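Okay, so here's the structure we're looking at.
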Amino acid sequence: MKVKIKYIAYISSIIFLLLVWQGAAYFINSDLILPSPGHTLRIAFLLILSGGVWLSFLLSLVRILSAFFISALAGFLFGWLTSKSAFLRYFFEPFLIILRVCPVVALILIALFWFKSSFVPVIIAVLITLPLMITNVAKGFMNLNNEYNELALVYKLSPLKTFFLIKLPQVKSYLYSALDSIFGLSWKAVIAGEVLCLPKNALGSYIQKKSLHLESANVIAATLLLILFCFLIQKFVHFLFSCKENHNQL
């Protein structure tokens, strides 16, 4: 019953957004400012059939996944280290504050002086998502239940087994939350970097090009496809995690 309610709510939400969009497009009456949903969806469908957007999507996806995995691995390592040492925690804190408050556009423009345009979106996405990953992982390890350490002593577990069997499961909720958040942020940061850096064959470059030509329907259509791709991949990852959880429970 709850599953049916969820899908009904999803469909109702989409229908509501389409009606609001159609109403706004009708009153504005300008495809340049706000094209209608029907016109935009037709453009999106043609983009999918043409195949021209697929290479751009694949290369953008490679950048997104690269940034995600780099941030996940580096963030986990630094988060664990800062949870073990107060000195390291205070040492890295100014850097994390700078990355949190520094405007994304400023980071992109600075990085363009040092790196190739195809690498800048990945670097920017890592810099934006790394503080969130480090903070969540460190918080998880700092909130460990020390009573479980006695269990490790009783069973004479090695430090490695203690880490994977006792400590890591306690951090799992913090870790999943951080990974879920940085995945979405990686999409935003990479596409924003591509819009400004204009690497060859990238969704962000395509959106910027169509924007310069005042083709607003193409811009919105590409953005909708981007949102759809991100949603489907994220749901697929959630499905894999849920299958793993159910398997572990069995």
Side-chain angles (χ1 to χ4, degrees), residues 4-61 63-64 67-68 100-109 111-112 117-118 120-121 124-125 128-129 180-236 238:
K4 291 183 179 180
I5 292 175
K6 181 177 73 172
Y7 288 123
I8 291 172
Y10 278 162
I11 295 172
S12 301
S13 176
I14 294 172
I15 292 174
F16 174 75
L17 290 174
L18 289 174
L19 289 175
V20 172
W21 182 1
Q22 179 62 49
Y26 176 79
F27 284 109
I28 293 173
N29 195 26
S30 172
D31 284 341
L32 177 62
I33 299 175
L34 183 63
S36 66
H39 178 55
T40 306
L41 293 176
R42 281 195 298 272
I43 296 293
F45 186 68
L46 291 175
L47 285 175
I48 293 174
L49 292 180
S50 67
V53 74
W54 288 111
L55 178 60
S56 297
F57 166 70
L58 288 175
L59 292 178
S60 294
L61 182 61
R63 295 187 183 96
I64 291 164
F68 172 75
R100 286 195 191 99
V101 302
C102 187
V104 178
V105 175
L107 288 174
I108 294 172
L109 295 178
L112 272 173
S117 60
S118 57
V120 171
I124 296 304
I128 291 174
T129 56
D180 193 46
S181 298
I182 70 170
F183 184 74
L185 282 175
S186 296
W187 283 80
K188 294 180 181 180
V190 167
I191 299 303
E194 290 177 348
V195 168
L196 289 179
C197 301
L198 299 176
K200 187 178 179 181
N201 295 322
L203 275 180
S205 303
Y206 175 85
I207 291 172
Q208 174 70 340
K209 179 182 176 181
K210 295 302 178 181
S211 176
L212 291 175
H213 294 162
L214 301 179
E215 298 180 37
S216 56
N218 290 72
V219 173
I220 297 175
T223 304
L224 290 177
L225 290 177
L226 180 65
I227 294 171
L228 179 62
F229 291 146
C230 180
F231 175 79
L232 292 176
I233 292 174
Q234 203 161 17
K235 288 298 180 183
F236 177 71
H238 288 168

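For clarity, every value in this text was computed on a predicted model and none was experimentally measured.
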Which atom of [X] lies closest to which atom of [Y], heavy atoms considered:
{"X": "L214", "Y": "L32", "answer": "O-CD1, 3.3 Å"}
{"X": "C197", "Y": "S117", "answer": "O-CB, 3.5 Å"}
{"X": "A217", "Y": "P35", "answer": "CA-CG, 3.7 Å"}
{"X": "V190", "Y": "A67", "answer": "CG2-CB, 4.4 Å"}
{"X": "A125", "Y": "S186", "answer": "CB-O, 4.2 Å"}
{"X": "A221", "Y": "I43", "answer": "CB-CG2, 3.8 Å"}

Backbone of A9 reached by a side-chain donor or acceptor of S13 within 3.5 Å: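 Judged by distance alone, no pair lies under 3.5 Å.
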In Å and rounded to the nearest 0.5 Å, what is the [atom1] to [atom2] distance from [X] to [Y]?
{"X": "L203", "Y": "W187", "atom1": "CG", "atom2": "CH2", "result": "8.0 Å"}
{"X": "I124", "Y": "L112", "atom1": "CD1", "atom2": "CG", "result": "8.0 Å"}
{"X": "L228", "Y": "I233", "atom1": "CG", "atom2": "CD1", "result": "9.5 Å"}
{"X": "I220", "Y": "S211", "atom1": "CD1", "atom2": "OG", "result": "10.5 Å"}
{"X": "L226", "Y": "I191", "atom1": "CG", "atom2": "CD1", "result": "4.5 Å"}
{"X": "L55", "Y": "S60", "atom1": "CG", "atom2": "OG", "result": "9.0 Å"}

Beyond-backbone contact of [X] with [Y], side-chain heavy atoms, under 4.5 angstrom:
{"X": "T40", "Y": "W21", "answer": "yes"}
{"X": "L41", "Y": "F45", "answer": "no"}
{"X": "T129", "Y": "F68", "answer": "no"}

Residue pairs involving residues 191-214 (criterion salt bridge (charged side-chain N to carboxylate O under 4.0 Å, His left out); sequence neighbours excluded): R63-E194, K210-E215
Geometric class of the Y10/F231 ring pair [parallel <30°, tilted 30-60°, perpendicular >60°]: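 Perpendicular: the ring planes of F231 and Y10 meet at over 60°.
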Output field: ring centroids W54/Y206 closer than 6.0 Å: no
